[in-house]
Amino acid sequence: MYFRPRTLNETIETLSRHGGQILSGGTDFFPALGDRPVLGPVVDISGVSELRGIDINDKEIRIGGLTTWTEVLRAPLPRCFDALKAAAREVGSIQIQNRGTVAGNLCNASPAADGVPPLLALDAEVELASQSAVRRLPLSQFLVGNRKTLRRADEVLSAVIVTRGLDHARSAFLKLGSRRYLVISIVMVAAIVDLDGEGRVKQTRVAVGSCSAVAQRLVELERHLVGRMAERGFTDRISPEHLSALAPIGDVRATADYRRDAALTLVKRALEACVGAR
Ligand SMILES: Cc1cc2nc3c(=O)[nH]c(=O)nc-3n(C[C@H](O)[C@H](O)[C@H](O)COP(=O)(O)OP(=O)(O)OC[C@H]3O[C@@H](n4cnc5c(N)ncnc54)[C@H](O)[C@@H]3O)c2cc1C
């Protein structure tokens with residue numbers, strides 16, 4: 001069975017009645033099938049226009065559940081979203097960015113999903129809608145493992161929400177892959193740094209992807225940096241211990257040791273990029 005609802009209400013009603021897999025841009029959905037046919041009902045939400053686009057109000061920024069990477073790139077977003085925009089530019093190719101959605105990237109829950117570290121650094125929440133309720137969860141809780149989330153089968157991810165507060169903070173995203181283009185990351189890092197009037201770190205958030213089943217915020221490191229002058233060399237004292245929350249694996253793309261070393265270098269570079277851009 002194939003359903004193509006036109007509204008969010010129709011979507012959640014269809015999911016509640018028939019269940020089935022949600023299809024959005026299809027850029028993860030179809031490759032995951034390989035040679036197999038689709039089994040069970042499919043709920044294609046690509047025509048639900050109310051889920052598309054980005055709304056900005058005084059309190060929060062709401063990225064609709066059908067918003068593509070290209071739409072993220074074109075939106076006039078505050079400076080702290082620069083890392084998310086940089087990640088958007090790295091997702092596959094322009095064709096993939098035109099089809100692929102932020103929500104699809106999160107629901108697919110790959111450890112190498114480019115959207116996750118910048119959204120973790122933004123303290124993003126996801127909004128999940130079903131017939132019985134609409135609930136919000138921090139992204140850090142929503143993602144629970146490799147390809148595992150807390151989304152229930154009858155829920156659609158209707159929006160990604162970022163509470164405003166760090167609009168003017170600098171942010172950066174760095175992705176290391178084995179080539180420059182169309183590449184799955186070996187390591188990626190997103191950082192946000194907010195400075196006070198004297199140039200000291202007021203708040204910082206750092207998230208690393210591809211180095212654990214779920215991308216991780218480096219909370220210890222974030223605490224360690226608060227109060228430091230953001231000047232040349234302020235990352236010198238960052239040590240491998242600050243990255244101990246990571247649990248990289250070795251695979252065809254890189255060894256665990258290489259990932260650990262690369263993560264340390266990228267964390268420093270991302271933080272320096274935030275400060276250097278002052
Ligand atoms: C050639 C190629 C290169 C790629 N390169 C990258 C890359 O560099 N970095 C990267 O991170 N990804 C990459 N991807 C993966 C993919 O493009 C992204 O993850 C994209 O954001 C997925 O969005 P989608 O709308 O296409 O999701 P879909 O394929 O439609 O769906 C993905 C999963 O999420 C579920 N889903 C989708 N939307 C919702 C929703 N609103 N609510 C609930 N569940 C939902 C679906 O049921 C499915 O399980 C690449 C893919 C291809 C084919």
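The structure displayed is predicted, hence computed values, not measured ones. Counting starts at 1 for both ligands and their atoms, following the listed order.
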Tell me the contacting part of [X] for ligand 1: side chain, backbone, both, or neither, using a 4.0 Å heavy-atom threshold, strictly below.
X	value
Trp69	side chain
Ile45	side chain
Lys175	side chain
Glu90	backbone

Self-check item: Protein non-hydrogen atom below 4.0 angstrom of atom 49 (O) of ligand 1 present
Solution: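 Flag for atom 49 (O) of ligand 1 set to false, no protein heavy atom closer than 4.0 Å.
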
Counting from 1, what ligand 1 atoms have a heavy atom of [X] closer than 4.0 Å?
X	value
Ala113	11 (O)
Gly65	41 (N)
Val183	8 (O)
Leu182	1 (C), 3 (C)
Ala103	41 (N)
Gly104	22 (C), 23 (O), 27 (O), 32 (C), 33 (C), 34 (O), 37 (C), 38 (N)

Should the pair [X]-[Y] be classified as a salt bridge under the 4.0 Å nitrogen-to-oxygen rule?
X	Y	result
Glu220	Arg223	yes
Arg79	Asp82	no
Asp44	Arg4	yes
Asp251	Arg259	yes

Quiz item: Near Leu33 CG, under 6.0 Å, is it more than 12 heavy atoms from other residues, nucleotides or ligands?
Solution: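 More than 12 heavy atoms, drawn from other residues, nucleotides or ligands, come within 6.0 Å of this atom.
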
Quiz prompt | Whether over 12 other heavy atoms sit under 6.0 Å from Tyr258 OH | solution =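 No, OH of Tyr258 has 12 or fewer neighbouring heavy atoms, counting only those of other groups under 6.0 Å.
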
Can you tell me which residue and heavy atom of the protein come closest to [atom], and the distance to 0.1 Å?
atom	answer
atom 18 (C) of ligand 1	Asp28 OD2, 3.4 Å
atom 38 (N) of ligand 1	Ser24 CB, 3.5 Å
atom 40 (C) of ligand 1	Leu157 N, 3.8 Å
atom 11 (O) of ligand 1	Asp114 N, 2.8 Å
atom 2 (C) of ligand 1	Ile96 CD1, 3.8 Å
atom 28 (P) of ligand 1	Gly26 N, 3.5 Å
atom 44 (N) of ligand 1	Cys107 SG, 3.3 Å
atom 25 (O) of ligand 1	Thr101 OG1, 2.6 Å

Quiz item: Hey, does Asp123 have a side-chain heavy atom less than 4.5 Å from the side chain of Arg217?
Solution: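 Result yes, sub-4.5 Å side-chain heavy-atom pair found.
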
Exercise. Taking the side chain as every heavy atom from C-beta outward, state whether Arg164 and Ile56 have any atom pair closer than 4.5 Å.
Key: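 SC-SC contact between Arg164 and Ile56 confirmed.
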
Quiz item: Taking both backbone and side-chain atoms of Leu23, is any N or O found less than 3.5 Å from an N or O belonging to ligand 1?
Solution: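 Leu23 vs ligand 1: no N/O contact under 3.5 Å.
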
Self-check item: Polar contact flag for Gly100 and ligand 1 (N/O pairs, less than 3.5 Å)
Solution: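 Among all N and O atoms of Gly100, none is under 3.5 Å from an N or O of ligand 1.
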
Quiz item: So among Lys85, Lys175, Arg89, which one has a salt bridge (Lys or Arg N to Asp or Glu O under 4.0 Å) with Asp114?
Solution: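 The option that passes is Lys175.
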
Quiz item: Under the criterion side-chain hydrogen bond (donor to acceptor under 3.5 Å, both in side chains), which of Lys268, Arg269, Glu272 is the partner of Thr235?
Solution: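 It is Glu272; the other options fail the test.
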
Practice problem: Pick out which of Glu125, Glu127, Glu155 makes a side-chain hydrogen bond (donor to acceptor under 3.5 Å, both in side chains) with Arg135. | Solution: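 Of Glu125, Glu127, Glu155, side-chain hydrogen bond (donor to acceptor under 3.5 Å, both in side chains) with Arg135 is met by Glu155 alone.
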
Self-check item: Pair Thr70-Gln97, side-chain donor/acceptor within less than 3.5 Å
Solution: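 No, no side-chain donor-acceptor contact under 3.5 Å.
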
Please work out which of [options] has its closest non-hydrogen atom nearest to [atom].
atom	options	answer
atom 12 (N) of ligand 1	Leu106, Asn105, Val160	Asn105
atom 4 (C) of ligand 1	Gly92, Ala159, Ala112	Gly92
atom 16 (C) of ligand 1	Ile184, Thr27, Ile22	Thr27

Quiz item: When Val214 is tested against each of Leu143, Leu120, Thr149 for side chain to side chain contact (heavy atoms under 4.5 Å, CB included), which residue passes?
Solution: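 Testing each of Leu143, Leu120, Thr149 against Val214, the sole residue satisfying side chain to side chain contact (heavy atoms under 4.5 Å, CB included) is Leu143.
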
Practice problem: Any chance you could measure Asn146, atom CG, to Ser212, atom OG, to the nearest 0.5 Å? | Solution: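 Nearest 0.5 Å value for the CG-OG distance: 10.5 Å.
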
